[in-house]
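Following: one structure in structure tokens, then a few remarks.
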Amino acid sequence: MKEDDITILAIETCNRLKDTLVAIAGRVATRDTELCGQKIREGEKVLLLYEAANRDERVFAEPDRFDVARAPNYHVAFGGYGAHFCLGASLARLELRIMFEELLARLPDIELDGAEPSRLRPSNFIVGIEHMPVVFTSRSD
């Protein structure tokens, strides 16, 4: 597998494991229904949680494992598929690819500093990494 292919697969894995969109605003069931064995009554509120869907054990074997070779990887980052798919998804993927390419070109040995955990932005709607300690070898150009 080419390095570019691995980068693309890694980006999709990152998107699946930490989708920036956590949830879509609550919805109200318009009729009684059942979803995956859970009964939902007309008038009940439901919440769409993308991160939960992206870690569904019925879809992803070992859903918490970072696996760039996972195939297929039908995640619902960017809103999944269909009418509500994010119009900016292609731009976001391009930005991530360029960011990783440039970061790794400049800091080829970068890795997480396990001494301190990363911190996420506290939100029930949009998530992002606020603080992520890393270590790398300094170089002089």
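Distance alone, capped at 3.5 Å, is enough to place a donor-acceptor pair between the Glu44 side chain and the Arg41 backbone. Arg55 contributes no side-chain N or O that, together with a main-chain N or O of Asp64, makes up a donor-acceptor pair within less than 3.5 Å. For the pair Asp113 (side chain) and Pro133 (backbone), a donor-acceptor distance under 3.5 Å is absent. Listed for the Arg16 side chain is a donor-acceptor partner under 3.5 Å among the backbone atoms of Pro63.
Counting all heavy atoms, side chain and backbone alike, Tyr81 lies closest to Tyr74 at OH-CA, 3.6 Å. Scanning all heavy atoms of the two residues, the minimum distance from Ala53 to Phe60 falls at O-CE1, 3.7 Å. Between Cys14 and Phe66, the shortest heavy-atom distance links the atoms SG-CE1, 3.8 Å. Scanning all heavy atoms of the two residues, the minimum distance from Ala61 to Arg70 falls at O-NH1, 2.6 Å.
Enclosure of atom CD in Glu57 is not indicated, since only 12 or fewer non-hydrogen atoms of other residues, nucleotides or ligands lie within 6.0 angstrom. More than 12 heavy atoms of other shown residues, nucleotides or ligands fall within 6.0 angstrom of atom CZ in Phe85. In Arg65, the CZ atom is crowded: over 12 heavy atoms of neighbouring residues, nucleotides or ligands sit closer than 6.0 Å. The environment of Met99 atom CE is dense: over 12 non-hydrogen atoms of other residues, nucleotides or ligands sit within 6.0 angstrom. The number of heavy-atom neighbours closer than 6.0 Å to CG of Leu87, taken from other residues, nucleotides and ligands shown, is 12 or below.
The distance from atom CG of Leu96 to atom CD1 of Ile8, rounded to the nearest 0.5 Å, is 12.0 Å. Here the CZ atom belonging to Arg93 is positioned 14.5 Å from the CD1 atom belonging to Ile98, to the nearest 0.5 angstrom. Rounded to the nearest 0.5 angstrom, Gln38 CD and Thr33 OG1 are separated by 11.0 Å.
Lys39 is not listed as a side-chain neighbour of Asp32, based on a closest heavy-atom distance of 4.5 Å or more. At a threshold of 4.5 Å between non-hydrogen side-chain atoms, the residues Thr13 and Asp67 do not count as touching. Side-chain contact between Ser118 and Glu130: absent, with no pair of heavy atoms (C-beta onward) separated by less than 4.5 Å. A heavy-atom distance below 4.5 Å is found between the side chains of Ile11 and Arg97. His75 has its side chain within reach of Glu12: a pair of non-hydrogen atoms, C-beta onward, lies under 4.5 Å apart.
There is a path of hydrophobic side-chain contacts, each under 4.5 Å, that joins Met132 to Phe100.
Screening Val59, Asp56, Asn54, Asn15 against Val76 for a side chain to side chain contact (heavy atoms under 4.5 Å, CB included) leaves a single residue, Asn54.
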- [ ] Might you work through the side chain to side chain contact (heavy atoms under 4.5 Å, CB included) test for Ile110 and Val135, ending with a clear yes or no?
- [x] CA-CA 6 Å; Ile110 191 169; Val135 293; over 6 Å; no

